[in-house]
Amino acid sequence: MFSDVAVGAGQGRAGDLPEGYLIRSVRGDELDARVEVHRQSWRPATLPWPGDPPSSVTAESTSRFSAALYSQVRATWLYDPAFDLVVEAPDGSLAACCIAWWDPVTECAEIEPVGVVPEHRRRGLASAMCWQVIEQVRAAGGRQVFVGVGPNPRYPAPAATYLAAGFDFVVRGRLYGRARVSTP
């Protein structure tokens, strides 16, 4: 899914947050809280599945994201703390998070992933974070923001979220496969 950063210029959609919520970059003193907001947002049992979750998901299922993995993420060459966004809730807790991978050479950014804690879903936080990324990419001289997701009937929430935020589906490649060969 793509969004041209010129789309929606001046609409102020990143500011369309419920009262008391704030989008900002993660601070160095809240790395543990940043890991926890990711884990809460991506806990399989609380994801917005259409109908019942897959049989592999149990109430005890949890995200594998950890402080060690987050440290690896922060050490990658395209990581920029200015594009590691969180939404601060009115009570000061973190309600949502996303990372945008800004590449000044290609003038594009990829958003991956966007997550919202279940208690804060359906308030426009994910869309507002996407628009914040678009505004930051525009300010940095960028041209496009993309998300590597497509329609998936078994889990339609991500694609629906990005469509609601103004992204469009764009097919960027082909999938190749080979028929299974049975061996006697």
Side-chain angles (χ1 to χ4, degrees), residues 1-3 13-14 16-23 26 30-73 84-101 109-134 145-182:
M1 302 183 99
F2 270 82
S3 180
R13 292 178 71 174
D16 292 346
L17 286 169
E19 187 174 334
Y21 286 85
L22 171 71
I23 298 176
V26 68
E30 61 187 1
L31 301 184
D32 289 339
R34 172 61 176 81
V35 169
E36 187 56 29
V37 71
H38 180 105
R39 289 177 56 80
Q40 288 179 24
S41 299
W42 291 101
R43 187 169 169 256
T46 62
L47 292 175
W49 301 101
D52 292 330
S55 59
S56 61
V57 174
T58 67
E60 295 79 29
S61 297
T62 187
S63 166
R64 294 176 292 183
F65 197 65
S66 66
L69 285 173
Y70 186 46
S71 179
Q72 290 175 356
V73 165
D84 189 350
L85 302 178
V86 294
V87 175
E88 184 177 314
D91 67 0
S93 67
L94 299 185
C97 60
C98 82
I99 294 179
W101 298 95
E110 178 180 13
I111 298 176
E112 187 276 323
V114 173
V116 180
V117 174
E119 296 79 26
H120 298 278
R121 290 184 183 145
R122 312 291 305 163
R123 298 181 189 184
L125 303 182
S127 292
M129 281 193 297
C130 290
W131 278 94
Q132 179 66 35
V133 169
I134 289 169
V145 175
F146 70 95
V147 184
V149 68
N152 180 345
R154 291 181 300 169
Y155 186 55
T161 297
Y162 297 120
L163 285 171
F167 285 77
D168 293 314
F169 283 118
V170 176
V171 177
R172 296 189 57 201
R174 295 177 185 228
L175 296 176
Y176 293 92
R178 121 181 142 182
R180 290 185 182 251
V181 177
S182 58

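Residues satisfying the salt bridge (charged side-chain N to carboxylate O under 4.0 Å, His left out) test with Arg43, not counting sequence neighbours, are none. For Asp91, the side-chain contact (heavy atoms from CB on, under 4.5 Å) criterion is met by Ala89, Ser93, not counting sequence neighbours. Under the rule for a side chain to side chain donor-acceptor pair (under 3.5 Å), Ser71 has no partner lying at least two apart in sequence or in another chain. Glu30 pairs by the salt bridge (charged side-chain N to carboxylate O under 4.0 Å, His left out) definition with Arg24, Arg27, not counting sequence neighbours.
Minimum heavy-atom separation, Ala126 to Thr161: CB-CG2, 3.6 Å. The shortest non-hydrogen separation linking Leu94 to Val117 is O-CG2, 4.0 Å. Listed here is the closest heavy atom pair of Gly115 and Met129: O-CE, 4.1 Å.
Within the 4.5 Å cutoff, side-chain heavy atoms of Cys98 are placed close to those of Val133. Side-chain contact check for Val145 versus Ile111: some heavy-atom pair is nearer than 4.5 Å. At a threshold of 4.5 Å between non-hydrogen side-chain atoms, the residues Leu85 and Gln132 count as touching. Within the 4.5 Å cutoff, the side chain of Leu125 has heavy atoms near those of the Leu17 side chain. Residues Ile99 and Arg34 have side chains in contact (heavy-atom distance under 4.5 Å, counting atoms from C-beta outward). Using a 4.5 Å cut-off on side-chain heavy atoms (C-beta onward), Val87 and Leu22 make no contact. In this structure, Tyr70 and Asp32 have side chains that are not in contact, with every pair of non-hydrogen atoms separated by 4.5 Å or more. Residues His38 and Pro113 form a side-chain contact, since some pair of their non-hydrogen atoms from C-beta on lies under 4.5 Å apart.
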Contacts table for residues 147-157: side-chain donor-acceptor under 3.5 angstrom, sequence neighbours left out:
from   : atom 1 : to     : atom 2 : distance (Å)
Asn152 : OD1    : Arg154 : N      : 2.9

Only distances under 3.5 Å count here; give the side-chain donor-acceptor pairs of residues 61-69 to other protein atoms, sequence neighbours excluded, each with its distance to 0.1 Å.
from  : atom 1 : to    : atom 2 : distance (Å)
Ser61 : OG     : Thr58 : N      : 2.8
Ser61 : OG     : Thr58 : O      : 3.2
Ser61 : OG     : Thr58 : OG1    : 3.2
Thr62 : OG1    : Arg39 : NH2    : 3.1
Ser63 : OG     : Phe65 : N      : 3.1
Ser66 : OG     : Ala68 : N      : 3.4
Ser66 : OG     : Leu69 : N      : 3.2

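Rounding to the nearest 0.5 angstrom, the gap separating the SG atom in Cys130 from the CZ atom in Phe167 is 4.5 Å.
Looking at Arg122, its side chain never comes within 3.5 Å of a backbone N or O of Pro118 through a donor-acceptor pair. The closest donor-acceptor contact from the side chain of Trp49 to the backbone of Pro54 lies at 3.5 Å or more, if one exists at all.
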Review point. So Leu47 and Arg121, side-chain contact (heavy atoms from CB on, under 4.5 Å) or not? Walk me through it.
Key: CA-CA 10 Å; Leu47 292 175; Arg121 290 184 183 145; 4.0 Å; yes

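Pairs passing the ring-ring contact (aromatic ring centres under 6.0 Å, His included) check and including a residue from residues 111-130, sequence neighbours excluded, read Tyr21-His120.
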